[in-house]
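Let me begin by presenting the structure, written as structure tokens, before commenting on it.
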Amino acid sequence: KTTPPPGQPPKPSQAKPPEKTFKANEFTINIYDGWEDKTIYTLTGPVTDGIQHNIIVNVEPNVEVDSLKTYVDWQVRTLEEQLKSCHILLKKECTLNNKLPAFRVVYSWYPSDQLRIYQEQIYLLSGTTAYKLTASFTKKTRKTLGPEVERMMLSFNPQPAKGGKEPAK
């Protein structure tokens, strides 16, 4: 066996093979220990009133918080720090269709001088995994598409982790 010169990566045939397989919706890839899934799911809807409507689902495993409210308070504080024009319109507990407790946050902000965006977020914890669903609207589409999007968001149902238990209700 020969060692590659310093600063050059080993040839693929010399590298240790990946230890595990990551499975996604329509593909798999072999990965090494230390690599983790940070997928952000984006479901797109109609382009109306100048914006692409969507629902974005963020999954954060291994969250160490004592309650959903603590997690939401931290997320909202971060949001207000990062979006200087952010104005919280609603922050309250809600229940998903599957009876899981959740938190709903609605806020507005200005990504540009001419455009005001409204965003609705649903937060929930399932075991030690946090989920954040985010939908974006204009003032007009919040009224026209908003109810339909909210119904979709409230139908969210986390699946148990591999080898895990069903989410606590």
Side-chain angles (χ1 to χ4, degrees), residues 1-47 51-83 86 91 93-107 109 111 117 119-136 148-169:
K1 286 188 173 179
T2 60
T3 304
Q8 285 192 324
K11 293 179 183 171
S13 62
Q14 295 173 318
K16 181 179 158 192
E19 292 89 10
K20 57 187 174 183
T21 300
F22 170 73
K23 295 179 182 175
N25 286 342
E26 299 198 21
F27 68 91
T28 64
I29 186 171
N30 296 331
I31 60 175
Y32 292 97
D33 281 338
W35 288 79
E36 61 183 314
D37 176 17
K38 293 288 186 171
T39 303
I40 297 174
Y41 298 91
T42 304
L43 307 168
T44 59
V47 175
I51 70 165
Q52 170 69 66
H53 291 81
N54 57 42
I55 298 173
I56 298 171
V57 181
N58 294 77
V59 181
E60 188 178 351
N62 305 314
V63 173
E64 295 181 21
V65 292
D66 59 353
S67 70
L68 176 58
K69 183 174 182 342
T70 300
Y71 181 75
V72 171
D73 288 345
W74 176 75
Q75 289 284 320
V76 169
R77 205 169 31 254
T78 302
L79 182 69
E80 290 175 314
E81 289 169 5
Q82 292 177 351
L83 299 177
C86 178
K91 182 178 164 189
E93 294 177 7
C94 65
T95 304
L96 300 181
N97 295 347
N98 58 14
K99 307 295 185 227
L100 287 175
F103 231 96
R104 182 173 170 228
V105 176
V106 178
Y107 60 94
W109 67 289
I117 295 291
Q119 291 191 298
E120 179 169 340
Q121 295 183 324
I122 302 282
Y123 295 91
L124 71 140
L125 288 175
S126 178
T128 59
T129 301
Y131 298 89
K132 176 175 66 175
L133 288 73
T134 304
S136 302
E148 177 181 299
V149 172
E150 186 173 329
R151 281 192 297 277
M152 288 190 289
M153 292 171 72
L154 291 174
S155 75
F156 183 81
N157 193 24
Q159 300 300 305
K162 293 176 187 122
K165 298 177 182 175
E166 288 289 329
K169 290 188 181 176

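Around atom CD1 of Ile31, more than 12 heavy atoms belonging to other residues, nucleotides or ligands sit under 6.0 Å away.
Between Leu124 and Leu68, the shortest heavy-atom distance links the atoms CA-CD1, 3.8 Å. Nearest heavy-atom pair, Thr21 versus Thr28, reported as atom, atom and distance to 0.1 Å: CG2-CB, 3.8 Å. Pairing each heavy atom of Ala130 with each of Leu125, the nearest pair is CB-CD2, 3.6 Å. Closest of all the heavy-atom pairs between Thr134 and Met153 is N-CE, 4.2 Å.
Taking the side chain as every heavy atom from C-beta outward, Tyr107 and Gln121 approach each other to under 4.5 Å. Contact annotation: the side chain of Glu60 approaches that of Gln75 to within less than 4.5 Å [non-hydrogen atoms, C-beta and beyond]. In this structure, the side chains of Leu96 and Asn157 stay at 4.5 Å or more apart for every pair of heavy atoms. Using a 4.5 Å cut-off on side-chain heavy atoms (C-beta onward), Ile29 and Pro18 make no contact. Using a 4.5 Å cut-off on side-chain heavy atoms (C-beta onward), Val149 and His53 make no contact. In this structure the side chain of Val65 never reaches within 4.5 angstrom of the side chain of Trp74, judged on heavy atoms.
Note on ring orientation: taking the six-membered ring where Trp is involved, the planes of Phe22 and Phe27 are tilted (angle from 30° to 60°).
A salt bridge links Asp73 with Lys69: at least one charged nitrogen is closer than 4.0 Å to a carboxylate oxygen.
With sequence neighbours excluded, the residues satisfying ring pair (Phe, Tyr, Trp, His ring centres under 6.0 Å) with Phe156 are Tyr131. Residues meeting the salt bridge (Lys or Arg N to Asp or Glu O under 4.0 Å) test with Glu93, sequence neighbours left out: none.
Atom CG of Leu100 and atom CD1 of Ile122 lie 12.0 Å apart (nearest 0.5 Å). Distance CG/Asn62 to OG1/Thr128: 5.0 Å, rounded to 0.5 Å. Taking CG of Asn58 as the reference point, atom NZ of Lys38 lies at 10.5 Å (rounded to 0.5 Å).
Checking side-chain atoms of Gln52 against main-chain N and O of Gly45 turns up a donor-acceptor pair under 3.5 Å. Side-chain N or O atoms of Tyr123 include none that pairs as donor or acceptor with a backbone N or O of Val105 at under 3.5 Å.
Ser126 and Thr129 are not linked by any side-chain donor-acceptor pair at a separation below 3.5 angstrom, with hydrogens and angles left out of the test.
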